[in-house]
Amino acid sequence: MTFRLTLALAACFAPGIALAEAAPVDTDRLGACVSMSLARDCVGTGIEECPAALGGYSTVSHGFCLAAEMPWWEAHLDAVYTAGLARSRLIDADSANFGTPGRPSDVEALQVMQQAWVAFRDAACGYEELQWWGGSGSGIASMECITAMTADQIDRLQYFLSEE
Amino acid sequence: MIRCALLCFGVIGPVFADDMHAFRVDLLDACLAAGGDAQCIGVGATACLQGAGSGAAGICLGEENTYWTSRIAVAEDALRIRQDEVLGRAAQRGIPAPSLDEIARSFATYRDAACTWRAAQWPGMHTGPEEMDCLMRLTAQHALWLDARVGDL
């Protein structure tokens with residue numbers, strides 16, 4: 001999805017391919033933020049200086065900055081999900097001490113949940129993109145939606161995983 | 001849901017009967033009107049629990065879940081007015097267009113999978129309230145997302 005959006009942006013703003021490469025993301029700031037706050041509140045903190053580095057704020061620079069930050073969020077979600085899978089494997093290995101007897105595999109339940117989330121995210125963000133279709137804001141709306149939903153999913157997984 | 005709520009109410013009715021401890025929609029409405037957004041999630045259930053005690057967790061969370069579910073219905077009705085235009089535009093361009101019903105279905109599938117996963121990790125009497133807490137939070141977040149789409153109109 002990120003790759004497709006980046007290509008779409010590059011196609012719209014062909015001279016901006018150099019901009020895409022130049023879009024800076026402050027991953028240290030993002031990492032520090034999510035260690036202290038909800039992920040949702042950290043969206044965008046890695047690209048606060050990005051538009052200035054691309055010559056100033058514009059729809060084009062904003063789009064490239066958003067696209068530059070998205071991979072960090074996808075990687076962070078992947079890390080949290082991987083931690084969740086590790087925990088689920090421990091639960092499955094010691095199922096007698098978790099939940100009701102005969103409970104289904106926690107690994108499978110987590111995988112089903114994550115697959116369902118991907119389908120929901122794609123439907124919701126596809127819909128949001130359509131609201132702005134035809135304007136330069138449609139790709140931006142989609143990226144903002146995907147990043148926000150990714151951050152929400154990180155927060156939910158962290159919330160669920162921190163309860164025991 | 002209603003049957004469950006009635007059953008639960010019957011069990012802890014004496015504790016919950018005091019009007020002072022009833023679920024207060026006005027707290028949520030006021031929070032949202034003040035721009036609280038996601039910070040408002042749980043405000044109604046928390047106030048309800050403070051009055052009624054932890055034994056009413058299922059009821060208080062269920063009441064707030066009902067509040068957010070109603071909010072989703074209102075937002076979907078508002079968005080449906082423009083749906084034909086949006087889907088028609090997508091069809092002209094030959095792109096897949098998720099309808100409100102598809103979003104609702106995919107959300108329900110995700111919500112149920114997430115809350116089943118979460119509830120299964122809790123033993124016995126904790127299962128119900130944990131599942132309801134999960135349902136309420138996910139429903140609330142979806143309601144706020146739909147509210148924002150109504151704001152885009």
- chain B contact via Arg156(A) - which portion, at a heavy-atom distance below 4.5 Å: side chain
- Using non-hydrogen atoms and a limit below 4.5 Å, what part of residues 108-116 of chain B faces chain A? Thr109(B), Tyr110(B), Ala113(B), Ala114(B)
- Message: Heavy-atom cut-off 4.5 Å, strictly under: side chain, backbone, both or neither for Leu157(A) against chain B?
- Response: side chain
- Close approach to chain B in residues 106-114 of chain A, criterion heavy atom under 4.5 Å: Asp106(A), Ala109(A), Leu110(A), Val112(A), Met113(A)
- Task: Would you indicate whether the side-chain heavy atoms of Asp101(B) and Arg80(B) approach each other to under 4.5 Å?
- Result: yes
- Message: Donor-acceptor pair, distance only, cut-off 3.5 Å: does the side chain of Thr147(A) make one with the backbone of Glu144(A)?
- Response: no
- Query: Where does the angle between the aromatic ring planes of Phe107(B) and His142(B) fall among parallel (under 30°), tilted (30 to 60°) and perpendicular (over 60°)?
  - Reply: parallel
- Message: What part of Leu138(B) gets within 4.5 angstrom of chain A, counting heavy atoms only: side chain, backbone, both, or neither?
- Response: side chain
- Query: Has Glu48(A) got more than 12 heavy atoms of other residues, nucleotides or ligands less than 6.0 Å from its CD?
  - Reply: yes
- Same cluster (ILVMFWY, side-chain, under 4.5 Å), Trp117(A) and Leu38(A): no
- Message: Salt bridge check, Arg29(A) against Glu49(A): does any charged N sit closer than 4.0 Å to a carboxylate O?
- Response: yes
- Task: Using modelled atom types only, decide if a donor and an acceptor are shared between the side chain of Glu69(A) and the backbone of Gly46(A) within a distance under 3.5 Å.
- Result: yes
- Message: Hydrogens and angles aside, do Tyr159(A) and Asp133(B) bring a side-chain donor and acceptor to less than 3.5 Å of each other?
- Response: yes
- Best-contacting candidate, Arg137(B), Arg149(B), Glu85(B), against chain A by heavy atom pairs under 4.5 angstrom: Arg149(B)
- Item | Phe64(A) vs Pro51(A) side-chain heavy atoms within contact, under 4.5 Å | no
- Do you see a donor-acceptor pair shorter than 3.5 Å between the side chains of Glu128(A) and Trp145(B)? yes
- Message: Tell me whether Asp155(A) is salt-bridged to Arg40(A), with the criterion being a basic N under 4.0 Å from an acidic carboxylate O.
- Response: no
- Item | Leading residue by heavy atom contact count with chain B [cutoff under 4.5 Å; candidates Gly126(A), Ala119(A), Ala124(A)] | Ala124(A)
- Item | Cluster overlap Tyr127(A) with Val74(B), hydrophobic side-chain contacts below 4.5 Å | no
